[in-house]
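This report concerns only the one structure given below.
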Amino acid sequence: MSYYSRIIGTGKGLPETVMTNKDFESFIDTSDEWIRTRTGISERRIANYEKGETTLSLSRLAALQAIEKAGISPQDLGLIIVGSVTPESVMPTTANSLQRDLGAVNAFSFDLQAACSGFLYGLSIADQYIRSGTIKTALVVGAETLSTLVNWQDRSTCILFGDGAGAAVLTRSEDKTHAILSTRLYSDGTRGDLLKVSHGYAACPPWRADYRPSEHKIQMQGSDIFKLAVRNMVEASNKVLEDNQLTIKDVDFFIFHQANIRIIEMCAKTLNVPLEKTWINVDKYGNTSAATLPICLDEAWRANAIKPGDKVLMATFGGGITWGATLIQL
Ligand code: COA
């Protein structure tokens, strides 16, 4: 008997507070016009710690929606994975705290770090566990509060990111057509310096004399990252198509990592995909890292932009660097 994974529910969780481009003008040398034309971002959501908005609370919102849409109970979950570079705490993991909050007593759970690719990495791991028959149903979350990790004085990065979470429930199916068809994941640690958070962990813990708080923030070589993001997402997309002997024309809908509208447009142009066949929300949320793909998937599904039977290609790119693509049929 062969098993496959079918996505049966999605959800999202976003902070209430909206931060507009104009809001940056009071503390860094920038403008709404610069941010919109260079990135396509108009606003982003920022978690309010005082109101209890954290990586965990956003994960919980997304997870509860996904579980409800899937029509399962938390006890049906055998695995919970949270992809995040801004976990609630290192120990317990965000996934363990989520497991507790959901009452998902039959699930084992862990966090994974693959930067913006965290959701796709998690989806692929859950898919492997389901295909092997080890578990039946899994919850995969991409969740970030990047507002805690940006340098608010660095105008080239702080304007890019936002907070949010997205989630998907996958379950075992014997139908290989309505399933995750294939996934390709990639890493290149030799280019890790292009987008990094270098201090604050084992290489330079906070108690060392040379620790600098400003290095415990996102640092990025923007234009190198831009080019790699386009090239790698295009290559990964072509690979998953090849794996399934399909062409771009066979795919109904595309979801690219939401980092910058120009990156999305260049991926679409290079692949010859009309923008109408993609979901775009980078204007509203900025780059929410591991959360961008599941938030888009959820919004596109609930808006009927995608429907059961559609083939959907998702591609991602993240710091460190990581990237990948997956092709699913809903
Ligand atoms: N407001 C105004 N000016 C800004 C600015 C801001 N927020 N941020 C940077 N600038 C300035 C720079 O200082 C530079 O000025 P200079 O020429 O006097 O040195 C100028 O704008 C051009 O900077 P540059 O970095 O060449 O701009 P760009 O067109 O490459 O756009 C990014 C910058 C960050 C928007 C772009 O490189 C990008 O989106 N990269 C990818 C980011 C990304 O996707 N990261 C996450 C991947 S998961």
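Counting starts at 1 for both ligands and their atoms, in listed order. Atom set for the values below is all heavy atoms of this structure, side chains included, hydrogens, waters and symmetry mates excluded.
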Test item: protein heavy atom less than 4.0 Å from [atom]:
{"atom": "atom 8 (N) of ligand 1", "result": "yes"}
{"atom": "atom 48 (S) of ligand 1", "result": "yes"}
{"atom": "atom 26 (O) of ligand 1", "result": "no"}
{"atom": "atom 17 (O) of ligand 1", "result": "no"}
{"atom": "atom 41 (C) of ligand 1", "result": "yes"}

* **Heavy-atom closest contact (G83 atom, A290 atom, distance)** =>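 Answer, listing the atom of G83 first, then A290: O-CB, 3.5 Å.
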
[atom]: nearest protein contact (heavy atom, Å):
{"atom": "atom 30 (O) of ligand 1", "answer": "S223 CB, 4.2 Å"}
{"atom": "atom 45 (N) of ligand 1", "answer": "M220 SD, 3.2 Å"}
{"atom": "atom 24 (P) of ligand 1", "answer": "R38 NH1, 4.3 Å"}
{"atom": "atom 44 (O) of ligand 1", "answer": "A259 CB, 3.2 Å"}
{"atom": "atom 1 (N) of ligand 1", "answer": "T30 OG1, 2.7 Å"}

* Output, in order, the C-alpha distance, side-chain angles, deciding distance and verdict of side chain to side chain contact (heavy atoms under 4.5 Å, CB included) for I248 and F254. => CA-CA 10 Å; I248 285 287; F254 296 80; 3.9 Å; yes

Ligand 1 to [X] polar contact by distance, N or O atoms, under 3.5 Å:
{"X": "S31", "value": "no"}
{"X": "I225", "value": "no"}
{"X": "T39", "value": "no"}
{"X": "R155", "value": "yes"}
{"X": "H257", "value": "no"}

Per-atom contacts, ligand 1 versus [X] - under 4.0 Å to a heavy atom:
{"X": "C116", "answer": "48 (S)"}
{"X": "R262", "answer": "29 (O)"}
{"X": "F317", "answer": "48 (S)"}
{"X": "S156", "answer": "8 (N), 9 (C), 34 (C)"}
{"X": "G222", "answer": "37 (O), 40 (N), 41 (C)"}
{"X": "N260", "answer": "35 (C), 38 (C), 39 (O)"}
{"X": "D29", "answer": "1 (N), 2 (C)"}

* Cationic tip of R131 within the cone over Y3's six-membered ring, i.e. under 6.0 Å and within 45° of the normal? ->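 No; the conditions do not both hold, so R131 does not lie above the ring face of Y3.
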
* Any side-chain heavy-atom pair of Q128 and I125 under 4.5 Å ->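 No; the side chains remain at least 4.5 Å from each other.
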
* Asked: Within the distance-only criterion (no hydrogens, no angle test), does the side chain of R60 pair as donor or acceptor with the backbone N or O of G13 below 3.5 angstrom?
  ->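 A pair under 3.5 Å: no.
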
* Of T54, I46, L58, N48, the residue whose pairing with P15 passes side chain to side chain contact (heavy atoms under 4.5 Å, CB included) ->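 So, applying the side chain to side chain contact (heavy atoms under 4.5 Å, CB included) to P15 and each of T54, I46, L58, N48, only L58 qualifies.
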
* **Criterion side chain to side chain contact (heavy atoms under 4.5 Å, CB included) against V169, the qualifying member of D76, T10, I7, T137** =>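 So the option named by the test is T137.
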
* Is I263 touching ligand 1 with its side chain, its backbone, both, or neither, if touching means heavy atoms under 4.0 Å apart? ->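 It is the side chain that touches ligand 1; the backbone stays farther off.
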
* **Under-4.0 Å heavy-atom contact with ligand 1, by part of N287 that carries it** =>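 The answer is the side chain of N287.
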
* Asked: Taking the six-membered ring for Trp, are Y129 and F108 parallel (under 30°), tilted (30 to 60°) or perpendicular (over 60°)?
  ->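 If you compare the ring of Y129 with that of F108, the planes turn out perpendicular.
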
* In this structure, which one of Q258, E144, H257 forms a side chain to side chain donor-acceptor pair (under 3.5 Å) with T292? ->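 The option that passes is H257.
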
* Asked: Are the ring centres of H178 and Y4 closer than 6.0 Å?
  ->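 Between H178 and Y4, the centre distance exceeds or equals 6.0 Å.
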
* Can you tell me how far the CG atom of L195 sits from the CD1 atom of I225, to the nearest 0.5 Å? ->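 With rounding to 0.5 Å, CG (L195) is 4.5 Å from CD1 (I225).
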
* Asked: For atom 33 (C) of ligand 1, which candidate among W323, W34, F226 provides the closest heavy atom?
  ->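 Shortest heavy-atom distance from atom 33 (C) of ligand 1: W34.
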
* Using only heavy-atom distances, determine whether the side chains of Y121 and S187 contain a donor-acceptor pair under 3.5 Å. =>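 Y121 vs S187: donor-acceptor pair found between side chains.
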
* **Under 3.5 Å side-chain donor-acceptor pair for T55 and T145** =>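 Result is yes, a qualifying pair exists.
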
* Verify same cluster id: L98, L170 (apolar side-chain graph, 4.5 Å) ->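 The answer is no; the residues belong to distinct hydrophobic clusters.
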
* What about L330 and I130, same hydrophobic cluster or not, with Ile/Leu/Val/Met/Phe/Trp/Tyr joined at side-chain heavy-atom distances under 4.5 Å? ->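 In one cluster with L330: I130, yes.
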
